[in-house]
Amino acid sequence: MKSTIGEVKHHVGESVTIGCWLNKKRSSGKIQFLQLRDGSGYIQGVVVKSEVSEEVWEAASRLTQESSLYITGKVKEDTRSKGGFELDVTGVEIIQITEEYPITPKEHGVDFLMDNRHLWIRSPRQRAVLVIRAEIIKAVQAFFNDRGFHLVDPPILTPSSCEGTTNLFHTKYFDEDAFLTQSGQLYMEAAAMALGRVYSFGPTFRAEKSKTRRHLIEFWMIEPEMAFVDHVENLEVQEQFVSHIVQTVLSNCQAELETLERDTSKLEKIKGSFPRITYDEAVDYLQKNGHEFAWGEDFGAPHETAIAAQYETPVFITHWPTEIKAFYMKPDPSRPEVVLCADMIAPEGYGEIIGGSQRIDDPELMEQRFKEHELSQEAYQWYLDLRKYGTVPHSGFGLGLERTVAWICGLDHVRETIPFPRLLYRLYP
């Protein structure tokens with residue numbers, strides 16, 4: 001019977017055949033212990049010399065790290081093993097013997113591992129990260145699908161920028177200038193006017209020459225947009241969304257979190273409502289705690305970390321200065337020098353994971369913003385039309401997938417959060 005390692009729990013006492021790779025091996029003379037992987041999990045295969053043919057014993061002896069094979073054996077429960085099951089091996093069919101596999105159990109430098117990223121992702125730690133990433137994606141889709149949102153795919157090639165073109169990748173679209181998208185938000189606003197509640201999930205690009213542990217050149221964004229939703233309700237959706245993601249990973253990825261040695265007690269606190277402070281309060285805190293900071297400046301990583309250190313859950317920083325935020329954010333009617341927006345800062349020093357706001361719905365104010373920011377009305381007349389034909393209050397936000405993965409997994413750098421990271425000066429593999 002053919003099976004995967006992840007399915008062996010359904011075949012206790014039965015003989016199964018699994019296509020797999022050898023992760024590592026040890027021997028105690030007359031017994032060989034094969035640590036096997038197939039992508040769905042890990043299992044130990046036990047080869048007892050007295051219980052198998054000479055050919056099976058010899059085949060098992062030839063196996064090297066990352067050799068590929070079909071292994072046949074009887075499934076039995078084993079509470080001592082991580083997966084809870086073991087395989088009493090009766091057959092080994094070698095597909096390929098791997099020679100001199102580059103990534104060995106010894107320590108390797110980051111550059112070497114990144115050059116061999118196509119192989120590094122096979123390691124238990126990297127597999128755990130990618131499994132958790134996939135679980136987060138499933139949780140994202142379930143959250144929005146269960147709440148009546150529609151998935152909409154915005155374009156990757158755009159005629160202009162939604163926040164300025166200085167950090168965009170320029171390309172030619174036949175005879176026209178075009179850019180790789182930095183956000184699908186403007187298009188999602190149009191979709192929300194048609195479908196009410198929508199979300200996009202796709203790659204975005206920033207041409208910033210940044211080498212920090214929080215930045216990638218190509219990353220994935222989840223961007224919901226909601227018609228007839230104000231600033232306060234927008235924050236409530238974000239709280240529910242992030243809590244749902246974290247609790248789903250805790251429920252379904254315990255083995256992977258254990259592989260990463262993640263302190264899950266910190267993640268268990270991520271539920272319910274999150275603290276909210278204004279930009280004014282954040283500035284006051286920084287100034288009183290040794291940070292030279294002037295009102296009107298943007299926060300850097302050290303500032304976000306200092307603010308987040310006061311809390312065990314994510315914290316919202318709301319009502320930022322109008323001058324440092326995007327042109328489409330709605331000013332606070334009672335205080336127009338700040339906008340109805342919020343950044344969600346993750347705990348443990350992981351920085352901003354969500355940026356969101358209520359959008360301007362006044363057509364005259366939006367026209368004014370276009371002039372102030374010297375935006376091309378020709379390129380985005382369609383965006384102005386959203387305020388001209390049936391404008392309504394609406395809000396949205398964007399969550400960066402890789403920063404969220406880094407936080408939930410407890411990783412030091414976002415390069416491990418995506419299968420093949422695009423970093424400054426790294427386009428390979």
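All values below were derived from every heavy atom in this structure, side-chain atoms included, with hydrogens, water molecules and symmetry-related copies excluded. Everything numeric in this text was worked out from a predicted model, so none of it was measured.
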Novice: Aromatic contact between Phe293 and His303, with the criterion being ring centroids under 6.0 Å apart: yes or no?
Specialist: yes
Novice: Checking side-chain polar atoms at under 3.5 Å, does Gln254 have a donor or acceptor matched by the opposite partner on Glu258?
Specialist: no
Novice: Centroid separation under 6.0 Å, is that true for the rings of Tyr279 and Phe299?
Specialist: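 Judged by ring-centre distance (under 6.0 Å), Phe299 and Tyr279 do meet the cut-off.
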Novice: Check Ser40 against Gly6 and note the closest heavy-atom contact, atom names and distance.
Specialist: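 Closest approach of Ser40 to Gly6, heavy atoms only: OG-N, 2.8 Å.
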Novice: Could you check Phe397 against Ser357 for side-chain contact (heavy atoms from CB on, under 4.5 Å), going step by step and ending with a plain yes or no?
Specialist: CA-CA 6 Å; Phe397 61 91; Ser357 74; over 6 Å; no
Novice: May I ask you to say whether Lys76 pairs ionically with Asp88, meaning some side-chain N is under 4.0 Å from a carboxylate O?
Specialist: yes
Novice: Are Arg426 and Tyr428 in a cation-pi setup, meaning NZ or CZ lies under 6.0 angstrom from the ring centre and within 45 degrees of the ring axis?
Specialist: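 That pair does not qualify as a cation-pi contact.
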Novice: As a test of understanding, state which of Thr204, Asn167, Thr158 forms a side chain to side chain donor-acceptor pair (under 3.5 Å) with Gln182.
Specialist: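 It is Asn167, the one option of Thr204, Asn167, Thr158 that forms the side chain to side chain donor-acceptor pair (under 3.5 Å) with Gln182.
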Novice: Test ring-ring contact (aromatic ring centres under 6.0 Å, His included) on Phe205 and Phe179 and set out the steps.
Specialist: CA-CA 9 Å; Phe205 307 84; Phe179 303 90; over 10 Å; no
Novice: I need the single residue from Arg359, Arg197, His394 that forms a side chain to side chain contact (heavy atoms under 4.5 Å, CB included) with Val229. Which is it?
Specialist: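 Looking at Arg359, Arg197, His394, the match for Val229 under the side chain to side chain contact (heavy atoms under 4.5 Å, CB included) is Arg197.
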Novice: Using the six-membered ring wherever Trp is involved, compare the ring planes of Phe327 and Tyr383 and label them parallel, tilted or perpendicular (cut-offs 30° and 60°).
Specialist: perpendicular
Novice: Donor-acceptor pair, distance only, cut-off 3.5 Å: does the side chain of Arg214 make one with the backbone of Arg403?
Specialist: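 Between the backbone of Arg403 and the side chain of Arg214 there is no qualifying donor-acceptor contact (under 3.5 Å).
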Novice: Between Phe241 and Phe144 (judged by ring centroids, cut-off 6.0 Å), do the two rings come close enough to count as a pair?
Specialist: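 Ring-ring flag for Phe241/Phe144: true, centres closer than 6.0 Å.
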Novice: What is the minimum heavy-atom distance between Pro159 and Tyr380, and which atoms define it?
Specialist: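 The pair with the smallest heavy-atom distance is CD-OH, 4.3 Å.
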Novice: Heavy atoms only: give me the nearest Pro203-Thr181 pair and the separation to one decimal.
Specialist: O-CG2, 3.8 Å
Novice: Would the Trp120 and Phe420 ring centres measure less than 6.0 Å apart?
Specialist: no
Novice: Looking at Arg206 and Phe219, what are the two nearest heavy atoms and their distance?
Specialist: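 Between these two residues, the closest heavy atoms are CG-CE2, 3.4 Å.
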Novice: Are Lys266 and Glu348 within salt-bridge range, i.e. N to O under 4.0 Å?
Specialist: yes
Novice: Please report the closest heavy-atom contact between Glu416 and Arg117, naming both atoms and the distance.
Specialist: O-NH2, 3.5 Å
